[in-house]
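First comes the structure, then the notes that go with it.
Just so it is clear, the structure is predicted and the values come from calculations on it, not from any experiment. We name chains A, B, ... by the order of the sequence lines, and we start the count at 1 in each one.
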Amino acid sequence: MKRILVIVKRDIKSGLRDFLVVYLMLAPILLALILRLFVGGMTASPLRVAVLDDGSAIVSELSRLTHVETFSTREALVERVMRIDDVFGVVVTPEGHELIAHGNEMPGTDIVLRNVLRRLQAGEAVLPVSVGVRDINYGMSPLKLQGGLLLIIFTTVLGGMLILLNLIEEKMSNTISAMNVSPASKGEFIIGKGLLGFATPIVGSTMAVYILGFRDFDIAMFVVSLVSLASISLVVGFLIGVTNDEPISGIAAMKGVYVPVLASVLGAMFLAERWHFVLYWSPFYWGYLSMNAILLGEATWRTIIVNSSIILAITAAVFAALRPRIVRGLR
Amino acid sequence: MITVQGLSHCYKKGGPAAVKDASFEIAKGEVLGFLGPSGAGKSTTQGVLTGLLPLQTGQVNVAGFDMRHPKRELYNLLGVSFEQSNVYAKLTALENLQFYAGLFDVPTEDPMKLLALVGLDHVARKRTGEFSKGMKHRLTFARSLINKPDVWFLDEPTTGLDPAIAHDIKGIIREKNQKGATIFLTTHNMQVADELCHRVAFIVDGEIRLIDSPRNLKLQYGERVVEVEHTADGALKTERMSLSAREDQQRLNHLLEQGTVQTMHTKEATLEEIFIAVTGRGLS
């Protein structure tokens, strides 16, 4: 145990002096913060209106209800509507009102605005309006859920990358030979190197989901699923680490390995369920299913144990196949 | 302390043997020099003896441990200094030694003391990525001493070092040997071997051709000759005289009595000359 901790301490110390490793450790948190900005925009989108100011009462009436920008010419108003954010244009016509939209506005908000304008025209009182949009089968923003899931998968991949970078550092400096003539066993070396690969996804993913605002999920199920998912990244990280001699080739190999793996996650998101059998080979598919259920608060321990067992079985099979190559590379 | 019987090693199955049927012993407190040109099998032998390479054929026992299945406890007793320096570039010299010290179960040396020993104490807190090749080599050497080893493997310990530092390193090796360390030294530097080793083994093409003490080898293969520079008729002359031929002995006495001798050197064979005579091969 003492030697394992010594190895972990060295890796942390060395890692904190490497920009790439520091970035990999912080990436889940940074990405979660960025995603959080988008999620905030999706979950709270007030109605905003640009109005052609022709002296009519519509400006003051709409200003009571929402944020209103005024323009003196139609061209200026259209130019404002065409910008990237959600703003409807309103022009008073002899028949009533003309609504100008860009097409990127939040679905349903045009209906709300038309209703408000019709009531104003009819002289009916309009109280402040609050509108909620809910897609069928979604209890939360799809962006928040799918973004969070992809971030968790990405973070487990980063754990593997940390391992491979540490191993490549050992290879580049030929320090594995020095380790091999010390009392540290191969098992202690592998566990010492692997612990960081486990800790990074657990800490990074937990922080990321909290930043994204997930609160009501089972943390024990979450950690169990992460550990099983991180195990496959660890095996792949070790294999690529011992077969590459410098960081760029190692990262390139990691990307090559993970393209089909991440494709399986996208398959789980977008393929019809009857086609999911083509994804059963991928541990990340099972990890995605577990995490999806956990974040939606629908997971049961039975599902988590079954999915995690499948992931660990695939990992064990991969490790058994690659073990001779990994052990040879650690000499 | 080390027993090797019929050691052979191949890097590829069915390929040529890098070491062929090597047998030798090293007594406790002895320094054995393994001498040979590059590719002779020196590092392969050391690799098997330290457990870095698997033992394929033969029997090897190091400090009481069978090297067919070496136990990790063995490494509490071994120190290995590699020819190619291998230290963590992002750690300082002190951190490198502290890390390595943490891996052992036996009392270890004070890292600062070791750094002072190899003249690196003034850069103890500097990252080794900024070190010169020689400094890294000294740090690798110092690290091999961290667990106060009983058996010390040294691979080209003075290669690439400037003469003053190499002199210091040789002094450290002598001192540790006097304190009881058994040393297996591989080198192609005959002078280093001559200065440090109780016995030397000549290895060529994976085969040990000869093992003996440098003194015995010189007596066996060298000529008892003295080279004398003296003045005669105002000119400097050089003569080689045998110490065993009566005529040459008389001639040497005559020159000494005349007081014209300026320099005089015994011309026993060097280890390099003996190596060439025995193996028919040079060292480089």
Legend entry - Partner chain B: residue of A/Gly15, A/Ser182, A/Ala184 with the largest heavy-atom pair count (under 4.5 Å):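 The answer is A/Ser182.
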Legend entry - Top of A/Ser173, A/Ser185, A/Pro183 for chain B proximity - count of heavy-atom pairs under 4.5 angstrom: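 Going by pairs under 4.5 Å, I would pick A/Pro183.
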Using non-hydrogen atoms only, which part of [X] is less than 4.5 Å away from chain B: side chain, backbone, both, or neither?
X        : answer
A/Met179 : both
A/Glu169 : side chain
A/Leu5   : neither

Legend entry - Residues of residues 58-89 of chain B within contact distance of chain A, non-hydrogen under 4.5 Å: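 When heavy atoms of chain A are the reference, residues 58-89 of chain B contributes B/Arg72, B/Tyr75, B/Asn76, B/Val80, B/Phe82, B/Gln84, B/Ser85, B/Asn86, B/Val87, B/Tyr88 within the under-4.5 Å range.
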Inset, instruction - Enumerate by number any residue of residues 93-114 of chain B whose heavy atoms lie under 4.5 Å from heavy atoms of chain A; in the absence of such residues, state 'none'. - result: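 The stretch touches chain A at B/Glu95, B/Phe99, B/Tyr100, B/Gly102, B/Leu103, B/Phe104, B/Asp105.
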Inset, instruction - Verify the neighbour count for atom OH of B/Tyr11: are there more than 12 heavy atoms of other residues, nucleotides or ligands below 6.0 Å? - result: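 Correct, the count exceeds 12.
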Inset, instruction - Work out which heavy atom in B/Leu91 is nearest to a heavy atom in A/Arg17; give both atom names and the distance. - result: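 Shortest heavy-atom separation between B/Leu91 and A/Arg17 comes out as CA-NH1, 3.7 Å.
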Inset, instruction - To the nearest 0.5 Å, tell me how far B/Leu52 CG sits from A/Ile176 CD1. - result: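 Here the rounded value is 11.5 Å.
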